[in-house]
Amino acid sequence: MATEAHAAEGATGYIIHHLTPLSVGNGFWTLHLDTLFFSVLLGGLFIWFFKTAAEKATSGVPGLAQNFVEMLIEFVDTQVKDSFHGHSKLIAPLALTIFCWIFLWNFMDLFPVDILPAIGSVMGLPYLRVVPSTDLNATFAMSISVFCLIIFYSIKIKGPWGFAKELLFQPFGPWLLPFNLLLKLVEEIAKPISLALRLFGNLYAGELIFILIALLPSYLQPVLSFPWAIFHILIITLQAFIFMVLTIVYLSMAHEHH
Amino acid sequence: MSINATLIGQMITFALLVWFTMKYIWPPLFDSLEERKKKIAEGLAAAERSQEEIRAAEERAKTVLKEAKEHSSELLSLAQKRANEIVEESKDTAKKDGERLIIAAKAQIEQEMQQVKESLRAEVATLALDAAEQILGAEIDKTRHQEIINNVSSRL
């Protein structure tokens with residue numbers, strides 16, 4: 001794909017250029033450096049901000065940063081308590097990480113589409129795709145991790161036999177065993193795929209629209225990109241929220257006995 | 001849009017982030033939240049308690065005030081009663097005194113009347129004697145009464 005992009009010119013070339021990652025390596029061992037760089041950077045930002053707040057955390061009157069962080073903590077905690085009725089040390093921090101990290105990824109979408117790639121090209125980078133959530137690798141990495149946790153907890157809580165029984169004998173009883181298995185497998189595999197593709201699709205499409213607006217005459221751009229950016233603030237938060245809530249729901253399902 | 005090794009890098013990053021959040025971020029923040037919640041609850045409870053205490057103190061003050069009022073009104077009525085008694089007593093004494101005085105006066109008047117009557121009687125007797133003398137003096141006729149005189153003188 002990267003090689004095709006070199007050939008294309010004009011509007012198509014512009015779009016393809018914006019959506020091509022900076023990569024090294026060949027075949028499977030290709031690394032998207034921009035995705036890795038920005039997600040690590042944003043993850044570091046998240047960790048740094050929250051760590052600072054956590055270090056200074058008091059039970060007295062909170063400062064501005066602590067207030068903000070506590071608001072997020074309470075928000076995530078409420079979501080977890082609403083859907084998850086077990087006791088787990090992992091789920092709430094996991095949900096917080098997912099929400100904040102995805103939100104920060106998505107937030108990169110609100111930077112004007114040409115600024116960071118322009119800076120990158122000055123620094124000698126031919127391609128720069130700044131929004132990690134427009135990379136399937138990033139979204140799938142997260143959803144597959146969640147999927148692994150779902151499987152892990154299913155087996156841990158229900159036991160290997162309990163989990164196997166759930167796969168084989170539900171929802172139609174032992175007489176329709178192969179059908180049950182097929183249904184359950186589709187259901188389980190659909191979880192990470194839908195998580196990853198929903199996030200990717202929304203952000204990829206959003207970014208594409210920003211790129212298309214950037215192709216229009218300059219006097220038209222603010223009229224269109226301003227409302228789209230406003231709308232996008234909603235979308236990026238919503239997508240982060242949906243990913244988080246679904247993760248909580250899937251994990252609480254994994255904790256439940258049937 | 002190929003899936004490649006980036007996926008693995010992202011998964012590692014994600015795992016590290018989650019681990020770090022779980023280990024160093026969530027617990028202190030959550031604990032401080034819980035602690036504040038507890039503090040606020042305690043503060044509210046203390047406020048509630050002091051409110052309760054104020055109410056009790058007011059109640060107590062009201063009782064004390066009521067008692068004092070009752071006591072004072074009791075005292076007042078007692079004093080009133082005593083005053084009435086004193087007035088009654090003095091009225092009685094005055095009445096008796098007056099009666100005694102009246103009796104004494106009456107006795108004196110009686111006595112004086114008696115004296116006046118005595119002296120009047122004496123005077124009336126003298127006056128009667130005087131008048132009788134005068135009447136007797138005028139009535140005596142020497143010729144008519146000479147015989148009587150002579151008679152008396154002859155007996156001598």
Side-chain angles (χ1 to χ4, degrees), chain A residues 1 19 21 23 25-33 35-36 39-40 43-44 46-47 49-51 53-62 66 69-70 72-74 76-77 89-90 92-98 100-101 132 134-142 144-146 148-149 200 204, chain B residues 1-70:
Chain A
M1 192 167 182
L19 291 172
S23 48
N26 280 311
F28 178 74
W29 293 107
T30 310
L31 285 175
H32 293 164
L33 291 181
T35 303
L36 286 169
S39 54
V40 169
F46 156 68
I47 289 289
F49 185 69
F50 275 67
K51 183 78 182 114
E55 271 167 4
K56 282 193 252 162
T58 65
S59 59
V61 179
Q66 198 192 338
V69 166
E70 278 176 1
L72 280 173
I73 295 259
E74 288 250 89
V76 171
D77 193 51
K89 275 194 159 62
L90 173 74
L94 175 78
L96 179 72
T97 313
I98 288 176
C100 294
W101 206 25
T134 55
D135 189 340
L136 269 177
N137 290 299
T139 60
F140 265 113
M142 202 176 260
I144 288 171
S145 305
V146 169
C148 292
L149 284 174
F200 165 76
Y204 193 83
Chain B
M1 273 326 117
S2 48
I3 295 290
N4 53 38
T6 314
L7 183 86
I8 296 166
Q10 288 289 98
M11 279 173 82
I12 293 166
T13 316
F14 182 53
L16 285 174
L17 283 178
V18 171
W19 170 78
F20 194 87
T21 312
M22 199 166 92
K23 191 105 181 160
Y24 297 109
I25 290 176
W26 186 271
L29 283 170
F30 196 71
D31 287 350
S32 85
L33 272 179
E34 288 294 310
E35 204 170 309
R36 175 151 353 108
K37 226 180 256 173
K38 222 168 70 193
K39 267 189 187 174
I40 289 170
E42 275 166 10
L44 285 177
E48 187 89 6
R49 222 166 29 241
S50 53
Q51 204 81 8
E52 207 54 45
E53 271 164 19
I54 286 171
R55 216 167 293 144
E58 268 174 6
E59 206 66 31
R60 219 162 37 237
K62 240 183 236 170
T63 322
V64 169
L65 203 68
K66 209 174 144 199
E67 269 171 17
K69 263 184 189 167
E70 270 170 14

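Each chain gets a letter, A, B and so on, in the order the sequences are listed, and its residues count up from 1. The model shown is predicted, which means the values in this text are computed figures rather than measured ones.
Side-chain contact between A/Phe46 and B/Thr21 is present, with heavy atoms from C-beta onward closer than 4.5 Å. Two residues are said to be in side-chain contact when any heavy atoms from C-beta on lie closer than 4.5 Å; A/Phe50 and B/Leu29 meet this criterion. By the 4.5 Å heavy-atom criterion applied to side chains, A/Lys89 and B/Pro27 are not counted as neighbours. In this structure, B/Met22 and A/Leu90 have side chains that are in contact, with non-hydrogen atoms separated by less than 4.5 Å. The shortest side-chain heavy-atom distance between A/Asp77 and B/Trp26 falls under the 4.5 Å cut-off. Inter-residue side-chain proximity for B/Thr6 and A/Thr30 is flagged as unmet; no heavy-atom pair is nearer than 4.5 Å.
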Pair A/Phe28, B/Leu7 - check side chain to side chain contact (heavy atoms under 4.5 Å, CB included), show working.
CA-CA 10 Å; A/Phe28 178 74; B/Leu7 183 86; 5.8 Å; no

For side chain to side chain contact (heavy atoms under 4.5 Å, CB included), just list the numbers for B/Ser32 and A/Glu70, CA-CA rounded to whole Å, side-chain angles, deciding distance to a tenth of an Å, and then say yes or no.
CA-CA 9 Å; B/Ser32 85; A/Glu70 278 176 1; 3.4 Å; yes

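Annotation: maximal heavy-atom pairing with chain B below 4.5 Å, among A/Ile73, A/Leu94, A/Leu31, A/Ile98, occurs at A/Ile73. Most heavy-atom pairs under 4.5 Å with chain B: of the set A/Val40, A/Val69, A/Thr35, A/Thr97, this distinction falls to A/Thr97.
For chain A, the nearby part of B/Lys37 is the side chain; its heavy atoms alone come within less than 4.5 Å. Of the two parts of B/Ile8, only the side chain, counted from C-beta on, holds a non-hydrogen atom closer than 4.5 Å to a non-hydrogen atom of chain A. For chain B, the nearby part of A/Trp101 is the side chain; its heavy atoms alone come within less than 4.5 Å.
The local environment of CD in B/Glu70 is crowded, with over 12 non-hydrogen atoms from other residues, nucleotides or ligands closer than 6.0 Å.
Residue B/Tyr24 comes nearest to A/Ala54 through the heavy atom pair O-CB, 3.9 Å, listed as atom of the first residue, atom of the second, then distance.
Separating the CG atom in B/Leu33 from the CD atom in A/Gln66 is a distance of 7.5 Å, to the nearest 0.5 Å. In this structure, the separation between CD1 on B/Ile3 and CG on A/Leu136 is 5.0 Å, given to the nearest 0.5 Å.
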